[in-house]
There are 2 protein chains.
Amino acid sequence: MALLWGGGEPGEVRPGPKPGLSVDVIVEAAIEVADTEGMAALSMRRVGERLGRTGMALYTYVPGKAELIDLMYDRALAELPAEYDVGAGWRPAVASWAGHLLRFYLRHPWMLQVSQARPVAGPNEFAVLEGLVAILRGTGLGPRRVRGVVALLFDFVRGAARTCAETGAADGERRRARSLLLEQAAPGFTARFPMVTWAEPAADEPAGETFTLGLHVLLDGVEAAVRET
Amino acid sequence: MALLWGGGEPGEVRPGPKPGLSVDVIVEAAIEVADTEGMAALSMRRVGERLGRTGMALYTYVPGKAELIDLMYDRALAELPAEYDVGAGWRPAVASWAGHLLRFYLRHPWMLQVSQARPVAGPNEFAVLEGLVAILRGTGLGPRRVRGVVALLFDFVRGAARTCAETGAADGERRRARSLLLEQAAPGFTARFPMVTWAEPAADEPAGETFTLGLHVLLDGVEAAVRET
DNA sequence: GGACAATTCTTTACGTCATAAGGGTATCAG
DNA sequence: CTGATACCCTTATGACGTAAAGAATTGTCC
């Protein structure tokens, strides 16, 4: 809470040993663990290890693991641009925003595993939101519609990132393995699910195509909403 | 895997004590635990307890917790309709599909916490997908576009459900508490994030409005795609 | 300089978790 | 009846988050 919005305040001089760590250092180390080893590997002990300390030492700085995760989440989002150039129109700006966010999630797939049920969002998260709302406000849509579109865009990009990150959509090898598993487990699959079979991606389909197509549909919907306004 | 697609096969007679449990009974108990106590409470021990057995007894039937969760996931989806009436057109059918799925997630919020990175999906999951693809195929869209729309719809409904389930969007009380927290943590918030402030929901805004608006935008986008075809 | 209080860390401990593995008992087939 | 198999319980292990006690370090005040 206070840690999330407090920023790097200069520590006032107090009795006791000089601190060997700081919140920032701990958060950075935790992000590194999550980035390199995944969320499942993130433990207080693991982070402590990376800093040459015990896991318990971290509790001097952060009240608990949940709070550490909140801090990590917001800190990682600082990577993203806060503003977008709408000179070429809102559509390319939104597409740019979505592309940045997708690639961000693919660099930090652990982000997708952090619960949205946090007590409060942090400054960087709000900055990302601010950038998108600023673009959409320029379409002339009212706050209610903007909210709907914002939710849609976030959900979409998160979903697309999740698909890529978790199912290895970019990996034809893995996809083939999955199809094989399915064949073995479910003989007669094609007859049972003819529609799904029809919609199956081809083996050589470019990786990001579903994202591109989905975004196109979504932006067309936004355009229709703008016209209705 | 085999358990997922095997169904309730009549147990062949084998030496050894008569089984006191079955996969189905275990999965049902596990779903009950998740429904009533949340995903965090789901442990082999907890499920075993509910069945008057130890947690270890479950391993006779399922290879591990991950597999149990896969089974739960697919089993829960059996609740949903597999087919939709497109007599009134594809739009109401999709809206009906989305509404069913949203309400389903709200009844079983733990579903949203299950990783999509599973080795293979089960029969009920495919049935839900089959129903949606069948509707969308009726629009005349090709398989590639249908895939994009399908992804979008799933992401959207999941995201909307997550927002409701995790942030208590239906709960004005909780929302006010969050605003208060934000005020305290971030003085000058309004000046720093003017766009976000502009887009803030009113205190008395109906709960499901963002979902309705988002779906409308999305369906307009689908309509545009259909026209392009 | 010493006493006191506060602080930074380590260590020990606890309860919880998933699951490996051994052992006792029940059942079936020959 | 014997041998093999299966259903469970029990014991154990390693991992987790975190409570709490203790040792060492530092700052302030007299």
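Just so it is clear: chains get the letters A, B, ... in the order the sequence lines come, proteins before strands, and each one is counted from 1. Only a predicted model underlies this, so the values are computations on that prediction, with no experimental measurement involved.
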Crowding at CD, E49(B) (>12 non-hydrogen neighbours, <6.0 Å): yes
Test item: Q113(A) side-chain N/O and W110(A) main-chain N/O as donor-acceptor pair under 3.5 Å: no
Span of DNA chain C in contact with chain B (heavy atoms, under 4.0 Å): dC17(C) to dC28(C)
R147(B) side chain vs A199(A) backbone, donor-acceptor pair below 3.5 Å: yes
salt_bridge(E37(A), R50(A)) N-O dist < 4.0 Å: yes
Side-chain (W5(A)) to main-chain (A121(A)) donor-acceptor, under 3.5 angstrom: yes
Parallel, tilted or perpendicular: rings of F193(B) and F189(B) (30°, 60°): tilted
Length of the line joining E49(B):CD and dC9(D):C1', which is rounded to integer Å: 15 Å
Using nucleotides 20-25 of chain D, report all nitrogen or oxygen pairs with the protein that are shorter than 3.5 Å.
unit_1, atom_1, unit_2, atom_2, d
dT25(D), O2, P17(A), N, 3.3

Rounded distance in Å - CZ (R45(B)) to C1' (dC8(D)): 16 Å
Residues touching DNA chain C, which here means a heavy atom under 4.0 Å, drawn from residues 28-44 of chain B: L42(B), S43(B), M44(B)
H108(B) versus E79(B), side-chain donor and acceptor atoms under 3.5 Å: yes
N/O donor-acceptor pair under 3.5 Å between D74(A) side chain and N124(A) backbone: yes
Touch class at under 4.0 angstrom, heavy-atom based, for A57(B) against every strand present: sugar-phosphate
Non-hydrogen atoms of R192(A) and E130(B) that approach each other most closely: O-OE2, 4.3 Å
5'-most by nearest nucleotide on DNA chain C - R14(B) or G55(B): G55(B)
Distance test, side-chain N/O of Y61(B) to OP1/OP2 of dC8(D), below 4.0 Å: yes
Proximal nucleotide (of dA6(D), dG17(D), dC9(D)) relative to the R53(B) side chain: dC9(D)
Parallel, tilted or perpendicular, as decided by the 30° and 60° cut-offs, for the rings of F211(B) and F156(B): parallel
Single hit among D155(B), L129(B), I135(B) for side-chain contact (heavy atoms from CB on, under 4.5 Å) with V150(B): L129(B)
